[in-house]
**Q** 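I'd like to ask some things about the structure below.
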Amino acid sequence: MIVTGDDLAEIQSLQKYLESEFEMKSLGDLKYFLGIEVARSKHGIFLSQRKYVLDLLAEIGMLDCKPIDTPSEQNHKLGLYPDQVPTDKERYQRLVGKLIYLAHTRPDIAYAVSVVSQFMHSPSEDHMGAVTRILRYLKVTHGKGLMFSKYGHTNVEGYTDADWAGSATDRRSTSGYFTFVGGNLVTWRSKKQKVVSRSSAEVEYHGMAHGVCELLWLRRLLRDLGFGPKKPMDLYCDNKAAIAIAHNPVQHDRTKHVEVDRNFIKEKVDAEIVSFPFISSEYQLADVLTKAVSTSIFHNSLDKLGMRDVFALT
């Protein structure tokens with residue numbers, strides 16, 4: 001159990017009450033919880049799952065595997081094909097399940113894990129190869145995690161992006177978002193959309209709706225904690241057509257298929273809760289959540305997300 005707060009006397013009172021009702025003891029400052037390691041320094045708080053990764057690699061005999069720079073092969077064509085060679089389904093599901101839990105502190109593998117989790121019911125050797133590639137990437141990045149530092153503000157902002165018709169088998173799109181509070185990455189998601197979109201603007205717009213929902217949740221949470229956003233929350237998007245739809249008060253044939261999302265987003269824009277600044281694709285952080293990018297783009301994005309390796313030799 002984690003007990004946290006800004007009133008030390010109240011925390012101690014709660015601990016004494018719990019100790020009177022249950023057999024328990026205080027373990028001091030938080031250092032390790034459910035596989036997540038917590039380290040503190042003058043630079044901030046660092047979260048990682050280093051031990052979890054090393055234990056996983058040791059369990060499957062991959063501690064000495066050959067490392068690789070990225071978790072996904074660029075321009076991969078993973079999908080369900082009639083001539084695919086099946087693999088051990090139970091082992092595949094077990095490994096992907098462990099990787100899904102690892103993604104709680106590893107946004108760098110979010111897209112790769114999202115892809116391999118789509119084939120849990122019928123995995124092939126190619127799918128297992130994609131899982132193995134993620135593990136090879138973890139071999140060289142086992143110490144990576146998220147650094148939470150103090151930047152002097154509590155602004156809430158997000159980045160949303162989508163890869164139109166990226167799936168090789170059903171042409172569904174993948175969208176994703178990152179959200180930041182006070183300059184620190186707090187939530188992210190990479191997910192294949194449920195329907196086939198007819199245009200890049202449509203798929204970007206669906207992705208924007210998911211990003212807005214996440215920002216609204218963060219807004220409510222921060223208000224409960226006593227420091228809600230004082231200005232509209234920025235959700236950065238690199239699609240001008242989708243941004244134009246969000247600000248267009250007129251309903252017409254081009255927006256009928258996104259009518260629910262359009263009205264939802266327009267309502268939040270009119271209330272000045274959310275704004276949609278345009279950002280060029282070059283600076284779109286959420287790009288790594290929608291497709292496998294080049295090594296240079298991938299690692300450049302990780303630096304901007306606040307991912308560090310405090311265990312690496314300097």
Side-chain angles (χ1 to χ4, degrees), residues 1-59 94 96-110 113 138 141-158 177-189 211 213-231 233 273 302 305-312 314:
M1 178 186 293
I2 300 175
V3 179
T4 183
D6 58 0
D7 188 329
L8 183 59
E10 188 67 25
I11 291 176
Q12 292 174 342
S13 175
L14 174 61
Q15 287 177 332
K16 289 181 179 179
Y17 171 75
L18 291 173
E19 289 171 359
S20 67
E21 296 290 329
F22 308 98
E23 185 177 345
M24 58 186 298
K25 64 178 180 179
S26 173
L27 299 177
D29 290 340
L30 179 64
K31 296 180 180 178
Y32 191 85
F33 185 75
L34 297 178
I36 300 176
E37 299 172 61
V38 182
R40 292 178 176 82
S41 72
K42 62 180 181 181
H43 303 292
I45 299 175
F46 181 74
L47 301 183
S48 73
Q49 289 174 275
R50 176 174 176 265
K51 183 178 183 300
Y52 182 90
V53 174
L54 294 175
D55 288 346
L56 173 59
L57 294 174
E59 177 187 337
R94 184 173 65 254
V96 173
K98 290 179 177 293
L99 291 175
I100 290 173
Y101 184 72
L102 177 60
H104 288 326
T105 62
R106 297 292 299 262
D108 52 335
I109 66 170
V113 173
L138 292 174
T141 61
H142 57 266
K144 274 193 176 295
L146 291 172
M147 176 67 78
F148 295 88
S149 302
K150 187 175 181 179
Y151 294 105
H153 66 84
T154 57
N155 296 340
V156 180
E157 60 184 13
Y177 59 75
F178 286 120
T179 60
F180 294 79
V181 175
N184 295 292
L185 178 64
V186 291
T187 67
W188 56 89
R189 190 181 193 189
C213 288
E214 188 72 4
L215 290 179
L216 292 176
W217 174 78
L218 283 172
R219 181 172 178 262
R220 287 193 296 269
L221 175 63
L222 293 174
R223 282 189 168 181
D224 288 344
L225 295 175
F227 54 98
K230 299 293 191 295
K231 64 178 184 177
M233 300 175 291
I273 295 174
L302 297 191
L305 291 173
M307 292 204 70
R308 302 287 184 268
D309 188 347
V310 299
F311 303 100
T314 57

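Nothing fancy with the numbering, it's 1 onward along the sequence.
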**Q** Going by heavy atoms in the side chains, are R219 and V156 under 4.5 Å from each other?
**A**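 No, too far: nothing below the 4.5 Å cut-off.
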
**Q** Which atom pair, heavy atoms only, marks the closest approach of W188 to A110?
**A**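 For W188 versus A110, the nearest heavy atoms are CD1-CB, 3.9 Å.
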
**Q** Let me see the working for M24 and L18 under side-chain contact (heavy atoms from CB on, under 4.5 Å), right down to the final yes or no.
**A** CA-CA 8 Å; M24 58 186 298; L18 291 173; 3.4 Å; yes

**Q** Check L146 against L305 and note the closest heavy-atom contact, atom names and distance.
**A**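 Reported closest heavy-atom pair: CD2-O, 4.3 Å.
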
**Q** Would you mind reporting whether P107 and M307 have side-chain heavy atoms less than 4.5 Å apart?
**A**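 They are in side-chain contact.
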
**Q** Under 4.5 Å between any side-chain heavy atoms of L30 and T4, yes or no?
**A**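 No; the side chains remain at least 4.5 Å from each other.
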
**Q** Given side chains that start at C-beta, do those of P229 and L215 come closer than 4.5 Å, heavy atoms only?
**A**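 Side chain of P229 against side chain of L215, heavy atoms only: no contact under 4.5 Å found.
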
**Q** Should we say atom CG of D7 is surrounded by more than 12 heavy atoms from elsewhere, each under 6.0 Å from it?
**A**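 More than 12 heavy atoms, drawn from other residues, nucleotides or ligands, come within 6.0 Å of this atom.
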
**Q** If you define the side chain from C-beta out and look only at heavy atoms, does anything of V38 sit under 4.5 Å from K31?
**A**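 Sidechains of K31 and V38: no contact.
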
**Q** Which pair of non-hydrogen atoms, one from G143 and one from S48, has the smallest distance, and what is that distance?
**A**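 Of all heavy-atom pairs spanning G143 and S48, the closest is O-CB, 4.3 Å.
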
**Q** Which heavy atom of M233 sits nearest a heavy atom of L216, and at what distance?
**A**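 Smallest interatomic distance, heavy atoms only, reads CE-N, 4.3 Å.
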
**Q** Would you say the side chain of F178 lies within less than 4.5 Å of the side chain of V186, judging by non-hydrogen atoms?
**A**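 Heavy-atom side-chain distance check fails, nothing below 4.5 Å.
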
**Q** Give a yes or no answer on whether the side chain of N184 reaches the backbone of S149 with a donor-acceptor pair at less than 3.5 Å.
**A**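 Indeed, once roles are kept as given, a pair shorter than 3.5 Å links the two residues.
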
**Q** Evaluate the side-chain contact (heavy atoms from CB on, under 4.5 Å) criterion for residues M147 and L47: first the C-alpha distance (whole Å), next the side-chain angles of each, then the deciding distance (0.1 Å), finally the verdict.
**A** CA-CA 7 Å; M147 176 67 78; L47 301 183; over 6 Å; no

**Q** What distance do E19 atom CD and L14 atom CG have between them, rounded to the nearest 0.5 Å?
**A**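 So the CD of E19 and the CG of L14 are separated by 9.5 Å.
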
**Q** Do you see a donor-acceptor pair shorter than 3.5 Å between the side chains of T141 and R106?
**A**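 Checked: T141/R106 side chains pair up, N/O donor to acceptor below 3.5 Å.
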
**Q** Just do the side-chain contact (heavy atoms from CB on, under 4.5 Å) check on H142 and Q49 with the steps written out, would you?
**A** CA-CA 8 Å; H142 57 266; Q49 289 174 275; over 6 Å; no

**Q** If you look only at pairs with a residue in residues 29-59, which of them pass as a ring-ring contact (aromatic ring centres under 6.0 Å, His included), with sequence neighbours excluded?
**A**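 Every pair satisfying ring-ring contact (aromatic ring centres under 6.0 Å, His included) with a residue in residues 29-59: Y52-Y101.
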
**Q** Would you say E157's side chain and T179's backbone share a donor-acceptor pair under 3.5 angstrom?
**A**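 Absent.
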
**Q** Determine whether T187 and W217 make a side-chain contact, defined as any pair of heavy atoms from C-beta on separated by less than 4.5 Å.
**A**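 T187 vs W217: side chains touch.
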
**Q** Salt-bridge test for D55 and K51: reply yes if a basic N is under 4.0 Å from a carboxylate O, no otherwise.
**A**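 Looking at K51 together with D55, the answer is yes, because their closest N to O distance falls below 4.0 Å.
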
**Q** Would you mind reporting whether D29 and R40 have side-chain heavy atoms less than 4.5 Å apart?
**A**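 Side-chain contact under 4.5 Å: yes.
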
**Q** So, taking the atom named CD1 in I2 and the one named CG in L27, what distance separates them when rounded to the nearest 0.5 Å?
**A**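 Atom-to-atom, I2:CD1 and L27:CG are 11.0 Å apart.
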
